[in-house]
Amino acid sequence: MRGGGRDRVQTADNQGKDEQMSQAPETVNGTGAEETVETRGDERVELLRADTNNDGRTDVWVVDTDGDGKADLFQFDTDGDGKVDITMVDIDEDGQPDEVVDGDGGLPPEQLPPTIQV
């Protein structure tokens with residue numbers, strides 16, 4: 001999916017009363033296989049990992065793949081299961097996602113122990 005296309009489309013009738021959400025299919029063949037993404041490099045330097053819901057597992061990964069110190073890969077666990085649900089790539093590092101895919105985009109994060117809060 002190039003150009004940051006949307007997975008969900010919201011539609012409403014002329015009265016604005018009947019809203020419906022439609023969801024794009026998970027894959028073309030329906031097997032649930034994830035798409036892979038192209039990155040600027042083949043390194044994985046995690047610039048930021050965050051536990052946004054305080055469950056002890058990382059929910060957000062911000063990654064530099066080419067060693068220039070700038071983030072170009074962003075991954076999100078949106079349902080709290082510890083696995084990446086959405087991956088965004090900013091290949092030209094202009095702040096706008098160039099590609100958004102379901103899953104880890106073929107780039108799973110390293111499983112690190114939970115963060116300990118003191």
Check side chain to side chain contact (heavy atoms under 4.5 Å, CB included) between Lys70 and all other residues, then give those that pass, not counting sequence neighbours. Asp68, Glu93
So does Asp81 pair up with Lys83, basic N to acidic O under 4.0 Å? no
Look only at the side chain of Gln75 and the backbone of Leu107, and say whether a donor-acceptor pair between them is shorter than 3.5 Å. yes
Can you tell me how far CG of Asp90 sits from CD of Glu99, rounded to the nearest 0.5 angstrom? 11.5 Å
Identify the heavy atoms of Asp66 and Gly41 that sit nearest to each other, and give their distance. CB-N, 4.1 Å
Just by distance, do the side chain of Arg49 and the backbone of Val62 share a donor-acceptor pair under 3.5 Å? no
Going by the rule side chain to side chain contact (heavy atoms under 4.5 Å, CB included), which residues pair with Thr52 if we only count those two or more places apart in sequence or in a different chain? Ala50, Asp59, Val60
So, do Ile91 and Thr39 sit near enough that their side-chain heavy atoms are less than 4.5 Å apart? no
Sequence neighbours left out, what passes side chain to side chain contact (heavy atoms under 4.5 Å, CB included) with Glu43? Give chain and number order. Val45
Residues which pass side chain to side chain donor-acceptor pair (under 3.5 Å) with Thr65, listed by chain and number, not counting sequence neighbours: Asp72
Under a 4.5 Å cut-off applied to non-hydrogen side-chain atoms, are Leu73 and Arg44 in contact? yes
On a heavy-atom basis, the closest approach of Pro109 and Glu46 is CB-OE2, 3.9 Å
d(Arg40 CZ, Asp92 CG) to nearest 0.5 Å is 7.5 Å
Can you sort out the partners of Asp85 under side chain to side chain donor-acceptor pair (under 3.5 Å), two or more places apart, ordered by chain and number? Thr78
When you compare the side chain of Thr87 with that of Phe74, does any pair of heavy atoms fall below 4.5 Å? no
Nearest atoms (heavy-atom pairs only) where Trp61 meets Gly82: CH2-O, 4.5 Å
Rounded to the nearest 0.5 Å, the CG atom of Asp104 sits from the CG atom of Asp77 at a distance of 11.5 Å
Over all atoms of both residues, closest heavy-atom pair of Asn54 and Asp51: N-OD1, 3.1 Å
Closest contact, heavy atoms only, Val89 versus Glu38: CG1-O, 3.2 Å
